[in-house]
K.L.:
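Provided herewith is a single structure, encoded as structure tokens, for subsequent inquiry.
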Amino acid sequence: MIIAYGFANLLQSVAAARTTVHHTFDPGLLLRLAGHRTYLIGLTCQVVGFVLAFLARRDLPLFLVQASVAAGLGVTAVLGVLVLKWRLPAAEVVLLVLLFAGITALVLSAQPAPSRQLGTAGLVGLAVAVVAIAASGFFAARLHGALGSVVLGSLAGMAFSAAAVAARPLASAGSVEAFLRDPLLYLLIVHSLIGQLLLGLAMQRGSTTAAVAAMDAAGAVPAAIVGLLLLNDKIWPGREWLAGLGFLVTLAAVVGLTRYAEPQHHHSGARQKAMAGAAMVPVQAASGPRSETTTSTGGVASTGVGSIGVAGRRRPITRS
């Protein structure tokens with residue numbers, strides 16, 4: 001599961017960096033992303049991770065499963081080193097060790113147990129959450145910069161958290177028919193789609209680091225609390241301190257890793273654009289006259305260079 005999410009993060013980030021920035025709550029962003037083969041491969045990895053996480057939620061508490069999903073960023077960091085030649089500073093090595101230690105502590109403290117059913121009140125709460133998160137995302141999509149990244153990332157995390165809450169009792173369905181007729185299935189799907197859209201919008205704002213950190217916190221903490229209070233999530237007696245420590249260490253390590261993953265990905269993309277732009281100069285020079293426009297500062301800009309400038313403002317995505 002962790003490995004699948006790690007591959008999904010890396011592949012989807014490559015595709016998202018090539019997608020036009022959206023400034024409204026527009027589902028068309030998902031369709032544009034789906035036009036990239038790399039994104040579709042990453043989405044396939046994400047679906048595999050989702051299925052494995054869904055099966056894990058049948059017996060394992062949400063605080064363990066949600067922390068493990070967020071830990072996929074650690075795999076992304078390792079893949080970035082191996083595939084994209086990211087640097088591996090000593091601080092990142094320490095964070096990866098802490099991430100492994102935090103997950104280990106959660107595994108040792110989590111007591112397997114079937115989920116308690118949510119009931120009518122729980123279904124109504126999840127349905128209200130769909131409307132509230134979508135409405136908030138509609139207005140938050142107008143925000144820009146780091147503030148937009150944090151707000152939209154937090155809303156995405158809440159949507160994914162609600163999907164995890166729906167998945168925990170749904171995983172205990174006794175038959176395929178009961179599974180398909182359960183309203184939790186459709187609440188899970190809607191929350192997941194809204195979360196995916198909000199995350200894409202968050203990553204196209206000012207700060208990938210802020211978006212991922214906000215999403216991880218808002219996605220893990222509420223689900224863990226609801227699981228312990230309402231869904232029969234259990235901790236082995238006497239290991240409550242280990243569960244709390246492991247959860248905090250895991251979340252802190254994931255948030256810390258975002259600070260290294262974003263700038264390396266951004267600089268890598270910038271170098272590739274610069275090399276592409278340099279390679280185009282001789283070709284454009286040999287192609288003869290081009291249309292030119294006068295800029296507001298009195299300079300001259302060609303249409304070809306202008307298109308590169310727009311692409312250069314697109315920011316990469318690192319999703320968890």
Side-chain angles (χ1 to χ4, degrees), residues 1-12 42-79 95-115 156-172 188 191-192 195-196 199 212-228 231-236 239-240 242-258 261 318-320:
M1 175 182 66
I2 297 177
I3 294 175
Y5 274 110
F7 273 98
N9 291 338
L10 186 67
L11 294 172
Q12 290 182 18
L43 184 62
T44 301
C45 293
Q46 184 177 342
V47 170
V48 171
F50 174 83
V51 172
L52 294 174
F54 180 83
L55 296 175
R57 293 185 183 108
R58 179 183 179 91
D59 295 309
L60 297 178
L62 289 180
F63 66 80
L64 172 58
V65 180
Q66 293 306 104
S68 298
V69 169
L73 186 62
V75 176
T76 302
V78 174
L79 290 174
L95 289 172
L96 289 173
V97 172
L98 289 175
L99 182 63
F100 177 78
I103 293 296
T104 301
L106 290 175
V107 170
L108 293 175
S109 61
Q111 181 179 1
S115 173
M158 292 178 186
F160 290 131
S161 183
V165 170
R168 175 86 161 103
L170 179 63
S172 300
L188 183 155
H191 273 294
S192 298
Q196 195 75 11
L199 180 60
V212 173
M215 183 199 68
D216 287 334
V221 176
I225 294 174
V226 172
L228 290 170
L231 299 179
N232 197 40
D233 287 3
K234 293 184 177 181
I235 302 172
W236 288 109
R239 299 183 184 178
E240 291 81 4
L242 185 61
L245 180 61
F247 188 81
L248 292 176
V249 168
T250 300
L251 194 59
V254 168
V255 172
L257 284 170
T258 64
T318 305
R319 182 191 180 278
S320 93

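Given the structure is predicted, the values throughout are model-derived calculations rather than measurements. In this chain, numbering begins with 1 at the start of the sequence shown.
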K.L.:
If only atom types and distance count, is the side chain of S161 paired as donor or acceptor with the main-chain N or O of A223 below 3.5 Å?
P.N.:
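Indeed, once roles are kept as given, a pair shorter than 3.5 Å links the two residues.
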K.L.:
Indicate the atoms forming the closest heavy-atom contact of V249 with L98, along with that distance.
P.N.:
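Taking V249 first and L98 second, the nearest heavy atoms are CG1-O, 3.4 Å.
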K.L.:
For L106 and F247, work out which heavy atoms get closest and say how close.
P.N.:
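Reported closest heavy-atom pair: CD2-N, 3.6 Å.
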K.L.:
For residues L242 and W236, determine if any side-chain heavy atom of one lies less than 4.5 Å from a side-chain heavy atom of the other.
P.N.:
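A side-chain contact is absent here, since even the closest heavy-atom pair is not under 4.5 Å.
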K.L.:
Is a side-chain N or O of R58 found less than 3.5 angstrom from the main chain of R168, in a donor-acceptor match?
P.N.:
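No, the answer is negative, given that no donor and acceptor are paired below the 3.5 Å cut-off.
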K.L.:
Measuring only between side-chain heavy atoms, which start at C-beta, is F50 closer than 4.5 Å to C45?
P.N.:
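F50 does not reach C45 side chain to side chain.
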K.L.:
Count the heavy atoms belonging to other residues, nucleotides or ligands that lie under 6.0 Å from CG of L228, then report whether that count exceeds 12.
P.N.:
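Yes.
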K.L.:
Any donor and acceptor pair, going by atom type alone, linking the side chain of R239 with main-chain N or O of L108 inside 3.5 Å?
P.N.:
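Between the backbone of L108 and the side chain of R239 there is a qualifying donor-acceptor contact (under 3.5 Å).
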K.L.:
Which pair of non-hydrogen atoms, one from P112 and one from L60, has the smallest distance, and what is that distance?
P.N.:
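Residues P112 and L60, closest heavy atoms: CG-CD2, 4.2 Å.
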K.L.:
Taking the side chain as C-beta and beyond, is there a heavy-atom pair between I235 and F63 under 4.5 Å?
P.N.:
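In short, these two side chains touch, coming nearer than 4.5 Å.
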K.L.:
Working to the nearest 0.5 Å, report the span between CD1 of I225 and CG of L231.
P.N.:
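It is 12.5 Å, given to the nearest 0.5 Å.
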K.L.:
If you measure from CG on L64 to OG1 on T250, what distance do you get to the nearest 0.5 Å?
P.N.:
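Interatomic distance, L64 CG to T250 OG1, rounded to 0.5 Å: 9.0 Å.
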K.L.:
Here's a test for you: under side chain to side chain contact (heavy atoms under 4.5 Å, CB included), which of Q196, H191, Q66 qualifies with F160?
P.N.:
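Of the listed residues Q196, H191, Q66, the side chain to side chain contact (heavy atoms under 4.5 Å, CB included) partner of F160 is Q196.
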K.L.:
Using a cut-off of 6.0 Å, state whether more than 12 heavy atoms not belonging to F100 lie near its atom CZ.
P.N.:
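No, CZ of F100 has 12 or fewer neighbouring heavy atoms, counting only those of other groups under 6.0 Å.
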K.L.:
Compare every heavy atom of P61 with every heavy atom of A110, then report the nearest pair and how far apart it is.
P.N.:
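Closest heavy-atom pair between A110 and P61: CB-CG, 3.5 Å.
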K.L.:
Taking the side chain from N232 and the backbone from P114, do they hold a donor-acceptor pair closer than 3.5 Å?
P.N.:
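Side chain of N232 to backbone of P114: a pair is present.
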K.L.:
Main chain of L62, side chain of D233: is a donor-acceptor contact present, judged purely on distance under 3.5 Å?
P.N.:
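Flag set: sc D233 to bb L62 pair under 3.5 Å.
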